[in-house]
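Have a look at the structure below, then the notes.
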There are 2 protein chains.
Amino acid sequence: MARMVAERSDAIASLAEVFREHGYEGASLAVIGKATGLGKGSLYHFFPNGKEEMVRAVLAEIEQWFEDSVYSPLRDGDNANAAITTMLDETAKYFRSGRRVCLVGALAVANTRDLFAQAIRGYFLAWVDALQAALVRQGRDAKQARLLSEDAVLAIQGAIVLSRALDDPAVFQRAIDQLHARLAFNGKTLNDNASGNGLL
Amino acid sequence: MARMVAERSDAIASLAEVFREHGYEGASLAVIGKATGLGKGSLYHFFPNGKEEMVRAVLAEIEQWFEDSVYSPLRDGDNANAAITTMLDETAKYFRSGRRVCLVGALAVANTRDLFAQAIRGYFLAWVDALQAALVRQGRDAKQARLLSEDAVLAIQGAIVLSRALDDPAVFQRAIDQLHARLAFNGKTLNDNASGNGLL
DNA sequence: GCGCTACTGTACCGATCAGTAAAGACTTTA
DNA sequence: TAAAGTCTTTACTGATCGGTACAGTAGCGC
């Protein structure tokens with residue numbers, strides 16, 4: 001009875017969802033087995049180091065997805081504004097308007113942070129760096145771009161928390177909309193831009 | 001061997017710290033026992049419904065602290081600006097510049113959300129409501145005040161996540177500083193205020 | 001001193017935990 | 001067709017999980 005799943009990578013999407021829903025400690029091997037359709041034997045065949053290795057594999061896949069879909073266009077796209085817009089829209093889709101948790105953010109808050117500290121740090125650092133690069137290409141000052149990109153990434157994480165807490169996806173969407181306004185460079189002065197959205 | 005802790009409330013501070021550090025699932029009775037200095041017998045004497053009741057007690061205490069120290073001044077203080085400044089400073093102190101996790105936010109992200117949904121929602125709703133009230137007393141439009149207060153609470157939560165992820169308390173402090181600027185009403189127009197802080 | 005209540009320590013329960021071991025089933029290669 | 005390699009199933013281990021039961025002890029009112 002071989003080659004039913006056949007590919008280790010086939011399990012990673014299920015694993016990601018399980019860890020998102022149950023957290024690291026909450027995702028028991030029984031739960032993982034049910035979600036992936038794999039028995040313990042298979043799981044330990046693909047991931048000899050158990051849950052830790054599973055999470056690392058998931059984190060690597062997440063990192064790769066963001067690298068391709070978000071970071072890379074931000075850093076290297078020929079249109080900074082378009083890349084920023086794409087980032088916000090792709091992010092909103094990815095997190096399902098706040099209904100889906102950010103696994104990396106959740107790990108950062110939990111006590112498992114130390115175990116995955118490097119991956120967690122890398123994920124957020126790459127995000128802030130890439131967004132900063134886009135903002136600089138918009139013509140902004142490097143330092144201001146840094147603060148603004150930190151602020152944007154932070155707002156997305158906070159939006160997930162708050163929209164889940166209030167059980168209201170609209171909260172998440174409003175945060176994304178506001179980031180659209182704050183991060184857009186419309187060719188006028190920054191002050192014009194600021195007064196334009198009314199919210200400061 | 002009676003009356004060593006004597007008061008149920010004496011344990012709550014320790015319990016809060018344990019749940020913050022280990023999460024709901026990660027905080028085993030063994031860990032809880034060590035942190036509080038209470039054996040299982042005592043714990044189940046004070047909290048007959050086990051961990052769930054412990055968390056509810058902690059959440060009630062947290063809610064009370066925020067009500068007294070933050071929400072109440074925001075709603076009823078005679079100086080809205082001062083109340084907002086106090087809120088930000090007290091919040092920064094409370095979360096130890098991002099080194100300390102927000103238990104309510106952590107529960108909102110974890111799969112335990114449903115179990116404590118009402119308390120979680122109440123905590124954040126009260127926060128947003130109170131801040132909105134203060135912003136309205138500054139003379140702002142109600143709808144704009146709502147959006148701005150949502151944005152502020154969300155930023156605080158995101159700042160905790162990001163500063164922990166990057167292991168950099170300065171990230172948290174910068175977010176608080178920026179909120180100071182965004183939420184302050186300096187007597188000039190909002191646009192003046194906006195252009196003043198250089199960001200956005 | 002006596003009994004009542006409040007609290008504590010310990011032993012124990014069944015369930016579940018992460019992880020191991022090994023034999024079986026299928027595919028691939030030769 | 002047969003050996004080798006890949007994957008799955010099953011049974012198992014020892015530890016730990018949340019929770020219960022209960023005997024005991026300390027302090028208080030009397």
Side-chain angles (χ1 to χ4, degrees), chain A residues 1-59 61 103 106-107 110-116, chain B residues 1-59 61 103 106-107 110-116:
Chain A
M1 197 182 300
R3 298 260 169 211
M4 300 195 66
V5 166
E7 296 284 343
R8 179 185 129 123
S9 61
D10 292 350
I12 291 186
S14 310
L15 285 174
E17 221 51 50
V18 165
F19 285 120
R20 259 187 276 267
E21 284 172 19
H22 296 87
Y24 183 71
E25 322 230 32
S28 71
L29 287 182
V31 170
I32 293 171
K34 187 168 292 182
T36 57
L38 264 40
K40 282 190 188 186
S42 303
L43 288 170
Y44 274 90
H45 175 73
F46 289 125
F47 308 96
N49 288 333
K51 288 211 291 180
E52 183 178 334
E53 189 171 349
M54 298 179 204
V55 170
R56 291 195 190 281
V58 168
L59 288 177
E61 168 128 324
L103 176 60
L107 289 174
N111 65 324
T112 47
R113 182 186 61 155
D114 297 0
L115 196 52
F116 307 110
Chain B
M1 198 181 301
R3 297 261 172 210
M4 301 197 64
V5 166
E7 296 285 343
R8 180 186 128 121
S9 61
D10 292 351
I12 291 186
S14 310
L15 285 174
E17 221 50 51
V18 165
F19 286 119
R20 258 188 276 267
E21 283 172 19
H22 295 86
Y24 183 71
E25 321 229 33
S28 69
L29 288 182
V31 169
I32 293 171
K34 187 167 292 182
T36 57
L38 263 42
K40 281 190 186 186
S42 303
L43 287 170
Y44 274 89
H45 175 73
F46 289 124
F47 308 95
N49 288 334
K51 289 212 290 181
E52 183 178 333
E53 189 172 349
M54 297 179 205
V55 170
R56 292 196 189 279
V58 168
L59 288 177
E61 168 129 324
L103 176 60
L107 289 174
N111 65 325
T112 47
R113 181 186 63 154
D114 297 358
L115 194 52
F116 307 109

>> Strictly by salt bridge (Lys or Arg N to Asp or Glu O under 4.0 Å), give each pair with a member in residues 21-34 of chain B just once, sequence neighbours left out.
In response: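 Listed by first then second residue: nothing to list.
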
Just how far, in rounded Å, is [atom2] of [N] from [atom1] of [X]?
X: H45(B); N: dT25(D); atom1: NE2; atom2: C1'; result: 14 Å
X: F47(B); N: dC7(C); atom1: CZ; atom2: P; result: 12 Å
X: L43(A); N: dT10(D); atom1: CG; atom2: P; result: 14 Å
X: D10(B); N: dA6(C); atom1: CG; atom2: C1'; result: 15 Å
X: F46(B); N: dT5(C); atom1: CZ; atom2: C1'; result: 13 Å

> When the C1' atoms of the five terminal pairs at each end define the local axes, what inter-axis angle does the helix from dG1(C)-dC30(D) to dA30(C)-dT1(D) show, to 10 degrees?
Replying inline: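 That helix gives 10° between its end axes.
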
>> Applying salt bridge (charged side-chain N to carboxylate O under 4.0 Å, His left out), can you list everything that pairs with E61(B), at least two apart in sequence or on another chain?
In response: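 With neighbours one apart ignored, the set is empty.
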
> Of all residues at least two apart in sequence or in a different chain, which pass the salt bridge (charged side-chain N to carboxylate O under 4.0 Å, His left out) check with E53(A)?
Replying inline: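 Salt bridge (charged side-chain N to carboxylate O under 4.0 Å, His left out) list for E53(A), sorted by chain: R8(A).
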
Side chains of residues 39-51 of chain A: which donor-acceptor pairs under 3.5 Å do they make with residues two or more places apart or in other chains?
residue: K51(A); atom: NZ; partner: Y24(A); partner atom: O; Å: 2.7
residue: K51(A); atom: NZ; partner: A27(A); partner atom: O; Å: 3.0

>> For a quick check, with a 4.0 angstrom heavy-atom cut-off, what is the B/S/- contact string for nucleotides 16-22 of chain C, read 5' to 3'?
In response: -SBBB--

>> Using 0.5 Å steps for rounding, measure from the CG atom of L15(A) to the CG atom of D10(A).
In response: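 Rounded to the nearest 0.5 Å, the CG-CG separation comes to 11.0 Å.
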
> What residues form a side-chain contact (heavy atoms from CB on, under 4.5 Å) with S28(A), not counting sequence neighbours?
Replying inline: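 side-chain contact (heavy atoms from CB on, under 4.5 Å) list for S28(A), sorted by chain: A30(A), V31(A).
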
> What residues form a side-chain contact (heavy atoms from CB on, under 4.5 Å) with A106(A), not counting sequence neighbours?
Replying inline: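 Only V101(A), V109(B) meet the side-chain contact (heavy atoms from CB on, under 4.5 Å) criterion with A106(A).
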
> Of all residues at least two apart in sequence or in a different chain, which pass the side-chain hydrogen bond (donor to acceptor under 3.5 Å, both in side chains) check with R56(B)?
Replying inline: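 Residues passing side-chain hydrogen bond (donor to acceptor under 3.5 Å, both in side chains) with R56(B): E52(B).
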
